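Below, chains carry the letters A, B, ... as their sequence lines are ordered, and counting in each starts from 1. Treat the numbers as computed from the prediction; the structure is a model and nothing was measured.
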Number of protein chains: 2
Amino acid sequence: MRNRLVTSSSAATFSALADPTRRAVLDLLRQGSRPAGQIARSFPVSRPAISKHLRLLRRAHLVQERKQGRQRFYHLNPEPLKAVDSWLEQYRVFWSANLASLKAFVETEYAKEKKRST
Amino acid sequence: MRNRLVTSSSAATFSALADPTRRAVLDLLRQGSRPAGQIARSFPVSRPAISKHLRLLRRAHLVQERKQGRQRFYHLNPEPLKAVDSWLEQYRVFWSANLASLKAFVETEYAKEKKRST
DNA sequence: GAAATATGTAACCGTATAGTTACACATTAT
DNA sequence: ATAATGTGTAACTATACGGTTACATATTTC
């Protein structure tokens, strides 16, 4: 039941990623750490809303906070995303499998089409 | 703004994956398609609850339905997961980067420790 | 010390969500 | 035809969530 374990331990991560604003915050932080206020100014919602998103991201360990004077710099912690990646890993084989069956399907249809047109 | 697009188009996928039961349903379907009832019996929640999860997964195109007699077989459609994978792709570089800095950190600490013990 | 700045949190609101039970509908079995 | 089976949905409940405004707190500036 290793999958089970991975799935449940990364529960906080998956639900943190469910919100588009939070994903965008992470995308922003990929370019470097920023103080909370600057993050908030990058989005069309209120500062407290972003503050709450940051709290959630913090709890999911997707960001970390570094106090500096009166500012709090947030930086990305990509580590929990590894769990998402390893969950996804088990599905990658299906993509190629489906590509193969799609290819087969297309070829069959092409053959039919050819036959029909003659 | 390609990231933005990827992020928003996969919104349904990300929120579908937020629920642990739904992830477990997908995990189950990796082993092959199953009728709705059998899926439901695999979980400690009521059948209607699973029926609703399946509806959500269907809308996110993560599963597809095939009616067969009075049963409805559900099978995995991994295609939408590609968007998640490509979102993650932008973070993979950070893992190795962090591993490198962790390595550097550990080596520095080791050097300090060595010095201290002499 | 007072004003300005940066931030988090509490209280509240509306909506979404995950669960339940009760019911409707289609299909198969008797 | 009737009963049994498989499934989805409606109605309802409790809770979580994303947003807001108002406020508290810490730090810097003047």
Side-chain angles (χ1 to χ4, degrees), chain A residues 4 7-8 10-29 32-77 80, chain B residues 4 7-8 10-29 32-77 80:
Chain A
R4 260 314 213 217
T7 299
S8 59
S10 52
T13 309
F14 274 105
S15 61
L17 296 184
D19 184 84
T21 301
R22 284 194 292 270
R23 288 198 303 279
V25 168
L26 295 179
D27 285 341
L28 181 66
L29 292 181
S33 75
R34 280 159 175 66
Q38 186 179 335
I39 297 171
R41 264 175 267 121
S42 309
F43 295 93
V45 294
S46 71
R47 196 187 49 70
I50 296 295
S51 188
K52 281 166 68 174
H53 282 308
L54 287 172
R55 177 166 54 188
L56 237 155
L57 288 170
R58 224 185 299 134
R59 286 178 184 165
H61 304 109
L62 282 163
V63 302
Q64 274 158 5
E65 192 190 42
R66 194 183 67 241
K67 211 181 158 182
Q68 191 164 20
R70 61 187 158 185
Q71 304 186 36
R72 298 203 191 178
F73 280 78
Y74 282 90
H75 65 97
L76 183 67
N77 177 34
Chain B
R4 256 328 209 206
T7 299
S8 59
S10 52
T13 309
F14 273 105
S15 62
L17 296 184
D19 185 85
T21 302
R22 283 193 293 269
R23 288 198 302 282
V25 168
L26 295 179
D27 285 341
L28 180 66
L29 292 181
S33 73
R34 280 158 174 66
Q38 185 179 337
I39 297 171
R41 264 174 267 120
S42 308
F43 296 93
V45 295
S46 71
R47 196 188 49 72
I50 295 295
S51 187
K52 281 166 68 174
H53 282 308
L54 288 172
R55 176 165 54 187
L56 237 156
L57 289 170
R58 224 185 298 134
R59 286 178 183 165
H61 303 109
L62 282 163
V63 302
Q64 274 158 7
E65 191 191 42
R66 196 184 65 242
K67 209 178 159 184
Q68 191 165 19
R70 60 187 159 185
Q71 302 188 345
R72 299 204 191 177
F73 280 78
Y74 282 89
H75 65 97
L76 183 67
N77 177 34

Identify every side-chain donor-acceptor pair in residues 61-70 of chain B under 3.5 Å, counting partners at least two apart or on other chains, and give the distances.
residue, atom, partner, partner atom, Å
B:Glu65, OE2, B:Arg72, NH1, 3.1
B:Glu65, OE2, B:Tyr74, OH, 3.2

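Taken from CG in A:Leu17 to CG in A:Leu57, the straight-line distance is 8.0 Å, to the nearest 0.5 Å. Note that CG of A:Asp27 and OG of A:Ser42 are 12.0 Å apart. Values are rounded to the nearest 0.5 Å. Atom-to-atom distance recorded for A:Ser46:OG and A:Lys52:NZ is 8.5 Å, nearest 0.5 angstrom. With rounding to the nearest 0.5 Å, the separation of OG in A:Ser33 from CD in A:Gln38 is 9.0 Å. How far CD1 of B:Ile39 is from OG1 of B:Thr21: 12.5 Å, rounded to the nearest 0.5 Å.
Distances shorter than 4.0 Å separate none of the side-chain N or O atoms of A:Lys67 from OP1 or OP2 on C:dA6.
Close approach of DNA chain D to chain B, defined as any atom under 4.0 Å from a non-hydrogen atom of the protein, starts and stops at D:dA4 to D:dT9.
Residues A:Pro80 and A:Ala60 approach most closely at CG-O, 3.6 Å, considering heavy atoms.
Checking side-chain atoms of A:Arg34 against main-chain N and O of A:Phe73 turns up no donor-acceptor pair under 3.5 Å.
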Q) How does each nucleotide of nucleotides 7-13 of chain C score, in 5' to 3' order, for protein heavy atoms under 4.0 Å: base (B), sugar-phosphate only (S), or none (-)? A) BBB----
